[in-house]
Amino acid sequence: MCKLKTYFLFLTTSLFVVIALTACEIEQYDVSYSLSAPLGLNAYLTNSISTVITNSTTNTYTNNYFKLGFWGFNSEPYFSGYKVYTADSLSDLTNKTNSYRGIYDQSDVSNTLTLAATPVSTEATYYTIAVSNDTLTNTNYLYTDFVHSNTYYFFVMAYGDDFDAYSVPSNPTNITYLTNWTN
Amino acid sequence: MKKIFIVSIFTILFFASCGIEGFEPIIELKPPLALTAKMYSNKIRLEFWGANDEEYFSGYDVYVSDTTENLKNEGKPYLNADELDNKATMWENIEPVSIATKYTYDIDETYDKKELVVGIDYFFFVRAFSEYYSFRSKPSNITNVLYTNE
């Protein structure tokens, strides 16, 4: 009888433990690493003019390149910078099978980002990136030189390296490359 | 007595555990950006980009003041055209989107329905709004325009 009571008590206790643990649905917290999208992307053509004097002869060289500007406000602790992509058409730019090409980091700080940046918490920040033929030779990004009178399309995404997280793309923009344009 | 005590403890635990709520999600709204302001047909035209895909996103609040500091500290939002307190300045036909979207808002009076004054510089920013959580995003970049009535 004593053993029966002990057994009954054990059974009752176990039943309560099981019910307590399973009665309430403990919701799983879905961890989502979203990033605010950079926005207001615009592109314009600009140039650098250098003067070279050789044997009393002065030569002026104009190097045309693109400047891209956009606003970002990424305060996420896992935010690491921005990735700029380009393509030869708008449809290629929005093609998720990588018809678009990443643009190599111009300052050689990163081999995954176009522009490394740190989280900002106080106010939106305006970023600019200069893109020229001289810096587009990295084989990680299958890019070819800009061609005169071709139009190029761009967008930019925020990126978090730790979690391989991307924002949605910015608005796309485009610009025509001209070798004979002077500011 | 011991048995009653043990059973009572587990009974209390059972009923108490069901009062533990699930983990509360973090409520965030991505800020709108690239706000610009210009004169357009005697009004101030604001344009900005937003990419709010949050399911609880419901619109944008437009704030105005006469200096940047006043805007940050005391900026007042424009009431929507229907004068509904629980809704954003811009809420009609605005819903969560999956791509960057451009928005426009025209202004021809102050937030308290007075005439805009020629020669005054007006400062603006915009915040995303959730009616469900009564929550706003961080502000967009600040922009300003001199009102000229042109």
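Nothing here was measured: the structure is a model prediction, and the numbers come from that model. Letters go in sequence order (proteins before strands), and every chain restarts at 1.
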- Residue S75(A) versus chain B: region with a heavy atom under 4.5 Å: side chain
- Item | Region of S137(B) in contact with chain A, defined by heavy-atom distances below 4.5 Å | neither
- Query: Which heavy atom of N171(A) sits nearest a heavy atom of A100(B), and at what distance?
  - Reply: N-CB, 3.5 Å
- Query: Do other residues, nucleotides or ligands put more than 12 heavy atoms under 6.0 Å from the NZ atom of K87(B)?
  - Reply: yes
- Query: Do L33(B) and F73(A) have side chains that get closer than 4.5 Å, going by heavy atoms?
  - Reply: yes
- Message: Quick check: is Y111(B) connected to L71(B) through a chain of hydrophobic side chains (ILVMFWY, heavy atoms under 4.5 Å apart)?
- Response: no
- Query: Is the number of heavy atoms from other residues, nucleotides or ligands within 6.0 Å of OH (Y40(B)) greater than 12?
  - Reply: no
- Query: Are Y132(B) and W91(B) grouped together when hydrophobic residues (ILVMFWY) are joined by side-chain heavy atoms under 4.5 angstrom apart?
  - Reply: no
- So which part of L41(A) gets closer than 4.5 Å to some heavy atom of chain B, the side chain, the backbone, both or neither? neither
- Task: Name the region of K72(B), side chain, backbone, both or neither, that has any atom closer than 4.5 Å to a heavy atom of chain A.
- Result: side chain
- To the nearest 0.5 Å, what is the distance between CZ (F155(A)) and CD1 (I99(B))? 12.0 Å
- Taking side chain as C-beta onward, heavy atoms only, is K30(B) less than 4.5 Å from S34(A)? yes
- Query: V97(B), Y56(B): one ILVMFWY side-chain cluster at the under-4.5 Å cut-off?
  - Reply: yes
- Task: Determine, using the 4.5 Å side-chain heavy-atom cutoff (strictly less than), whether V168(A) and L68(A) are members of one ILVMFWY cluster.
- Result: no
- Closest non-hydrogen contact found for A124(A) with N141(B) is CB-N, 3.8 Å
- Would you name the heavy atoms of W49(B) and L39(A) that are closest together and state the gap between them? O-CD1, 3.4 Å
- Of all heavy-atom pairs between P31(B) and S36(A), which one has the smallest distance, and what is that distance? CD-OG, 3.5 Å
- Query: In the single-linkage hydrophobic clustering (I, L, V, M, F, W, Y; side-chain heavy atoms under 4.5 Å), do I142(B) and F48(B) co-cluster?
  - Reply: no
- Residues, nucleotides or ligands: over 12 heavy atoms within 6.0 Å of F163(A) CZ: yes
